[in-house]
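Right, one structure below, let's go through it.
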Amino acid sequence: MDQHTDYRSSNVPGPAGAADLVLTNGRIYTVDAANYWAEAVAIRGGRFIAVGGSADMDGLIGPRTQVLDLKGRFVMPGLYDMHTHPDLKLAPGYAGYLEVGLEDPTPEQVRQAILDYAAAHPGDGWVYGQYFVRYTFKQAGLVPDRAWLDSVLPDRPVAILDRSWGCMMVNSKALELAGIDAETLDPRHGYIERDSVTGEPTGILVDGAYALIHAAMPPTPQHALKRAYREGVWFQSGHGVVGTKYVHVCEHRLNALKSIDQVGELSVRVEAAISWQDDIFPVKRRWELLAGERHYYRSARLNANAVKFHFDGTHESRSSYLSSAWPGDESWRGHLNMTPEHITDMVVDMDRRGIRVIAHCTGDGASDLFLDAVAEARRRNGYSGVRHQCAHSTTLLDANLPRFAELNVTAEFSPVGWFPSSFAYARAVFGEDRMQRAYNFKGVLEHGGVAVMGTDWPVSSINPWIGFEAMVTRENPFGEEAGCFYGQPISLEQAIRVMTLNGAWCMGIEDKAGSIEVGKSADLIVLDRNLFEVEPKGNIHNAQVQLTLLEGEVTWDRHGEFAGTAHAATWQGELPNF
């Protein structure tokens, strides 16, 4: 019986005797305030049974104990990525959808890619994929719309996402199959571009409006979703991640996650957040999932006990909902996808059901309303124990910094957005005053709150070490642009805690994971460098994870140190190249 099926209740003792695995002679940073440094650990039944000096482990080594001499290597708890989307990035490619494949394709290149795809996939099915770029159409003196697509391929439905995933261009056949015409109402979280005279759709669907097209298309194939999640967790384990949140799922995606869990390939703990609004893809049977069917997907490594809301938009489109008008505008504060009353009622209801709300809030007005709603939930429900999550937290009001601790709300940040780069500066549109308090990781921590990191892949890299370095430096890890971005860095010790114990807190498991302590889940990573002995800038982002352990199971083994043993890794060899 392996540890995944060795279920034990509270009065069934764990395995007795010698340790299963002992790691000695290391430099182990535990994140345990009572004992920050250790030299060795012993693991039995998936938990740490001893943490201390190498000599302390002698009595725990039996004839079947696997012993690994770390030879002075640096060890720390495993990492937590609290916001990412491997399915959105990978599944379209694995499904065989159209990939135009150029950085800034011209209209002619898009046209040829569509024709080539249609020729290679004959029939009357959808031609769906990515991407087109509006400004290359403008440069060519063209307008991207249904008429242009009709001129390319009129007799099959065609739908092409734009490069930012902010809109979709579709032809007349696609509109017809989706039932979109002049009478179709705009969804609250998006709109249909229309002819100013006739009201007919032009073929451009913005934000949540393109979910109307996804609803008319066949769902993403299961094989593509399984491969996306499988390679996603493989990559994450290879970079030391032991806990993650996959944000925006539906029943179809949960089935894919459950299937790889059942065959032992879910090498990361996953909290999957059910998508509330149909702004990415339609979520059928959402209410059934939230009412209780989510429990069907529960295991030691998978739960769907969270829901993802988009409260506002994005800074690039000036739809982030701000507490005052956008720079250069007298009244426009951005767009709120739900009314404040709706937000409050939903947060209170989800809180009562024990479901975590993960709320996309890029504007300081959106996060302010979210915290108000959580405060109302605490007032009506008492403290439910549910730790809700403010996703992105791009800009926060100073007055809200203490409320994260007061309300037990997690502040989640995306650190890749705050080192000097064209990506970061393109987002610096809030105005100087707001940018001075953007990405205020340090402010939340100094007010006693819990802050965590999310890669938000594919918006930024899924490699968590890039954001890890950015937290400590606020400088460009690759040396491409000099100087620091807005805001204050945090210390290495704070960053390690953010990436480990804070992540476990955000998942509600800090009592059994997130630090290296006796009795906790045996989660750790072995690195090729001691983070306390290298210059952070230029070094943390390319740290190499050599071993990852989750519940005492070796999930990643870069050099095959456990190959051929009872502790052979779930993954080893070359990582997927994303």
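Residue numbers run from 1 in the order of the sequence given. In this text the structure is predicted, and so the values were computed from the model without any measurement.
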So does [Y] get a backbone contact from the side chain of [X], meaning a donor-acceptor N/O pair under 3.5 Å?
X: Ser384; Y: Val386; result: yes
X: Glu39; Y: Ser54; result: yes
X: Arg474; Y: Gln488; result: yes
X: Ser414; Y: Gly417; result: no
X: Asp528; Y: Gln544; result: yes
X: Asn408; Y: Arg387; result: no
X: Thr555; Y: Thr548; result: yes
X: His85; Y: Val247; result: yes
X: Asn539; Y: Val534; result: no
X: Thr410; Y: Glu412; result: no

Between [Y] and [X], is there a side-chain heavy-atom distance shorter than 4.5 Å?
X: Val242; Y: Trp556; value: no
X: Asp351; Y: Val374; value: no
X: Phe562; Y: Leu547; value: yes
X: His239; Y: Leu79; value: no
X: Cys390; Y: Phe404; value: yes
X: Met499; Y: Met471; value: yes
X: Ile516; Y: Asp32; value: no
X: Val22; Y: Val41; value: no

Report yes or no: do [X] and [Y] form a side-chain donor-acceptor pair below 3.5 Å?
X: Gln389; Y: Lys245; value: yes
X: Asn463; Y: Ser461; value: no
X: Glu517; Y: Ser515; value: yes
X: Arg73; Y: Gln546; value: yes
X: Ser237; Y: Ser267; value: yes
X: His295; Y: Asn303; value: no

Quick one: ring pair (Phe, Tyr, Trp, His ring centres under 6.0 Å) partners of Phe485, sequence neighbours excluded?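 Expected list: Tyr425.
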Ring pair (Phe, Tyr, Trp, His ring centres under 6.0 Å) involving His392 - partner list, sequence neighbours excluded: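 If we apply the ring pair (Phe, Tyr, Trp, His ring centres under 6.0 Å) test to His392, skipping adjacent residues, the hits are His83, His360.
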If you round to the nearest 0.5 Å, how far is [atom2] of [Y] from [atom1] of [X]?
X: Leu225; Y: Thr220; atom1: CG; atom2: OG1; result: 5.5 Å
X: Met507; Y: Asn502; atom1: CE; atom2: CG; result: 13.5 Å
X: Gln236; Y: Trp571; atom1: CD; atom2: CH2; result: 11.5 Å
X: Arg230; Y: Leu90; atom1: CZ; atom2: CG; result: 12.5 Å
X: Arg269; Y: Leu550; atom1: CZ; atom2: CG; result: 5.0 Å
X: Ser421; Y: Glu475; atom1: OG; atom2: CD; result: 13.0 Å

Which residues share a side chain to side chain contact (heavy atoms under 4.5 Å, CB included) with Arg380, sequence neighbours left out: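 In terms of side chain to side chain contact (heavy atoms under 4.5 Å, CB included), with neighbours along the sequence ignored, Arg380 is linked to Thr344, Asp345, Val348, Glu376.
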Quick one: side chain to side chain contact (heavy atoms under 4.5 Å, CB included) partners of Asn542, sequence neighbours excluded?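 For Asn542 the side chain to side chain contact (heavy atoms under 4.5 Å, CB included) partners, ignoring immediate neighbours, are Arg529.
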Determine, stepwise, if the pair Leu531 / Met76 fulfils side-chain contact (heavy atoms from CB on, under 4.5 Å). CA-CA 10 Å; Leu531 299 183; Met76 59 179 279; 3.9 Å; yes
List for me each residue that meets side-chain hydrogen bond (donor to acceptor under 3.5 Å, both in side chains) alongside Asp87, sequence neighbours excluded, and say none if there are none.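 Applying side-chain hydrogen bond (donor to acceptor under 3.5 Å, both in side chains) to Asp87 gives Tyr229, Arg253.
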[X] and [Y]: which non-hydrogen atoms are nearest, and at how many Å?
X: Phe578; Y: Gly232; value: CZ-N, 4.2 Å
X: Ala513; Y: Ser521; value: CB-CB, 4.4 Å
X: Gly538; Y: His541; value: O-CE1, 3.5 Å
X: Arg8; Y: Pro13; value: NH1-O, 2.6 Å
X: Ala38; Y: Thr30; value: CB-CG2, 4.2 Å
X: Thr244; Y: Asp81; value: OG1-O, 2.9 Å

Given side-chain contact (heavy atoms from CB on, under 4.5 Å), test Val444 with Leu396 step by step and report yes or no. CA-CA 9 Å; Val444 171; Leu396 300 170; 4.0 Å; yes
Carboxylate-amine/guanidinium contact [X] [Y], below 4.0 Å:
X: Glu293; Y: Arg285; value: yes
X: Arg356; Y: Glu271; value: yes
X: Lys258; Y: Asp261; value: no
X: Arg301; Y: Glu553; value: yes
X: Asp511; Y: Lys520; value: no

List the steps, then state whether side-chain contact (heavy atoms from CB on, under 4.5 Å) holds for Leu254 with Leu289. CA-CA 10 Å; Leu254 285 169; Leu289 283 171; 4.2 Å; yes
How about Arg294: does its CZ atom have over 12 heavy atoms from other parts shown lying under 6.0 Å from it?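 Count over threshold, so yes.
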Classify the angle between the aromatic ring planes of Phe309 and Trp276 as parallel (below 30°), tilted (30 to 60°) or perpendicular (above 60°).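 Tilted.
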Parallel, tilted or perpendicular for Phe532 and Trp37, by the 30°/60° rule?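 Ring orientation of Phe532 relative to Trp37: perpendicular.
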So which of Phe419, Trp418, Phe413 actually passes ring pair (Phe, Tyr, Trp, His ring centres under 6.0 Å) with Tyr439?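 One option only clears the test, and that one is Trp418.
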N/O donor to acceptor pairs below 3.5 angstrom from side-chain atoms of residues 61-68, sequence neighbours left out:
from	atom 1	to	atom 2	distance (Å)
Thr65	OG1	Ala19	O	2.6
Thr65	OG1	Gly62	N	2.9

Identify whether NZ of Lys or CZ of Arg in Arg227 sits under 6.0 Å from the centre of the six-membered ring of Tyr94 and within 45° of that ring's axis.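 Yes.
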Between Ile43 and Ile49, does the side-chain contact (heavy atoms from CB on, under 4.5 Å) criterion hold? Intermediate values first, please. CA-CA 6 Å; Ile43 297 166; Ile49 59 170; over 6 Å; no
